[in-house]
Number of protein chains: 2
Amino acid sequence: MSNPIEGPGASGGAEDPTEAALTAVEHQISVLWRRGRSVSHQLSRQVHPDMEPAAYGLLSVIRRQGPIRLTELASSIGVGKPSVSRQIAFLESLGLVSKEADPLDGRAQSIRLTPRGEEKMHQVQDARREVFRERLAEWPPEELQTLATYMAKLNAIYERDGFPKDETA
Amino acid sequence: MSNPIEGPGASGGAEDPTEAALTAVEHQISVLWRRGRSVSHQLSRQVHPDMEPAAYGLLSVIRRQGPIRLTELASSIGVGKPSVSRQIAFLESLGLVSKEADPLDGRAQSIRLTPRGEEKMHQVQDARREVFRERLAEWPPEELQTLATYMAKLNAIYERDGFPKDETA
DNA sequence: CTAGAATTGTTGCCATGAGCAACCCAATCG
DNA sequence: CGATTGGGTTGCTCATGGCAACAATTCTAG
């Protein structure tokens, strides 16, 4: 229990403000992270009853970036090719995406949303945004903007390597 | 941070600063979320081989809140009892936590860190904090504090129900 | 032109982790 | 007492992601 440098929960007491702020940020990150995880299920289920959270993420990226190759998709969400391959196969079986051979490269394939996929995503994302907006509506836009800016900064810092998330709820 | 996806009721949403800020926040949440997930393994493994990500989270809560019952622990991190039960069993086998019968309630058990668990956590959290601090060191404390505050507000809003996370990278 | 990289995507196998349901055991209520 | 509730555990299953091995194709020497 000797505590030269205090841990997050170990009320350090009179620490410097940076230390305290760090602790607070860490804590909020973990709460946010955990909450998001526990809810992603329900969100993806709206697109399709059988759809899992991971697949939703893919659809979202595809929708945003347009036709994309599998490898690119994988790297863009930081996940291995095998996972993406399987997810895409699944989504294809649901008729939400389609794979087209790239005429320039016989190996590659272009993945895109089907009209049905587009429609589904449109519905779901709209609904989600509706709730989101509804709840955050009372926030002053400046604050929201500040939040976004700081989060971007936070994200930028951890661009490639480890994220020292606390995991604590 | 312009997002081509507009909300249904967002008549002229592109010009609405709130709308823009919302979009930005959403996006940052998803980036943060994804980043944290993709890295949590490597991080906890890196600090200690036999400490799994999930277990680390539990230890962290226990350390913060002191002796706690399993059910309470489970609900505090938003996960089912079975998962926690197994994790705790694992941690016990590592000698990091101990289960004691609650004298007041024979069914319940009080879970606490063993001295060794405390020591481990101390090491691990120190290491994590080191990295964290290192990278955020240049951030003005006020900004960090603001970030923490806003994130707390954000988290509070979605206390119980769906979190409209976008999942997009 | 052809043999050997390199790359795209798929599949096999495995590990982690979470949920559901069924189950014990203690406590409490009638 | 017996019945019901509540805390924890275990069995089963599934989702997900990683690594490795593979197939098919393109690129790069020589």
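In what follows, chains are A, B, ... by sequence order, proteins preceding strands, each numbered from 1.
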Residue closer to the 5' end of DNA chain D, A/Q87 versus B/V84 (nearest nucleotide): B/V84

Interatomic distance, [X] [atom1] vs [N] [atom2] [rounded to whole Å]:
X	N	atom1	atom2	value
B/I68	D/dG7	CD1	C1'	14 Å
A/E72	C/dT7	CD	P	15 Å
B/Y56	C/dT16	OH	C1'	19 Å
B/L73	D/dT9	CG	C1'	15 Å
A/I88	C/dT10	CD1	P	9 Å
B/L70	D/dT10	CG	C1'	13 Å
A/F90	C/dT11	CZ	P	15 Å

Sugar-phosphate only, base, or nothing, as touched by B/S83 at under 4.0 Å among non-hydrogen atoms: base

Protein and nucleotides 12-14 of chain D: nitrogen or oxygen contacts under 3.5 angstrom:
{"from": "D/dC12", "atom 1": "N4", "to": "B/R86", "atom 2": "NH2", "distance (Å)": "3.4"}

Closest non-hydrogen atom pair, [X] against [Y]:
X	Y	result
A/S110	A/P67	OG-CB, 3.4 Å
A/I111	A/L73	CD1-CD2, 4.5 Å
A/L154	B/L147	CD2-CD2, 4.3 Å

What distance separates [X] [atom1] from [Y] [atom2], expressed to the nearest 0.5 Å?
X	Y	atom1	atom2	value
A/Q123	A/M121	CD	CE	11.0 Å
A/S85	A/Q109	OG	CD	7.5 Å
A/L59	A/R64	CG	CZ	13.0 Å

Which listed nucleotide ([options]) is nearest to the side chain of [X]?
X	options	value
A/K81	C/dT8, D/dG8, D/dA20	C/dT8
A/S85	C/dG17, C/dT10, D/dG17	C/dT10
B/R69	D/dG7, C/dA21, D/dT16	D/dG7

Side-chain heavy-atom pair B/T149, B/K153 within 4.5 angstrom cut-off: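 Counting from C-beta outward, B/T149 and B/K153 never come under 4.5 Å.
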
Can you give each donor-acceptor pair under 3.5 Å made by side-chain atoms of residues 86-104 of chain A, sequence neighbours left out, with the distance rounded to 0.1 Å?
{"from": "A/S93", "atom 1": "OG", "to": "A/F90", "atom 2": "O", "distance (Å)": "2.6"}
{"from": "A/E100", "atom 1": "OE2", "to": "A/R112", "atom 2": "NE", "distance (Å)": "2.9"}
{"from": "A/D102", "atom 1": "OD1", "to": "A/L104", "atom 2": "N", "distance (Å)": "2.8"}

A/W139-A/E143 side chain donor-acceptor pair, cut-off 3.5 Å: no

Residue-level proximity of residues 96-112 of chain B to DNA chain D when a heavy atom falls under 4.0 Å: B/K99, B/R107, B/A108, B/Q109

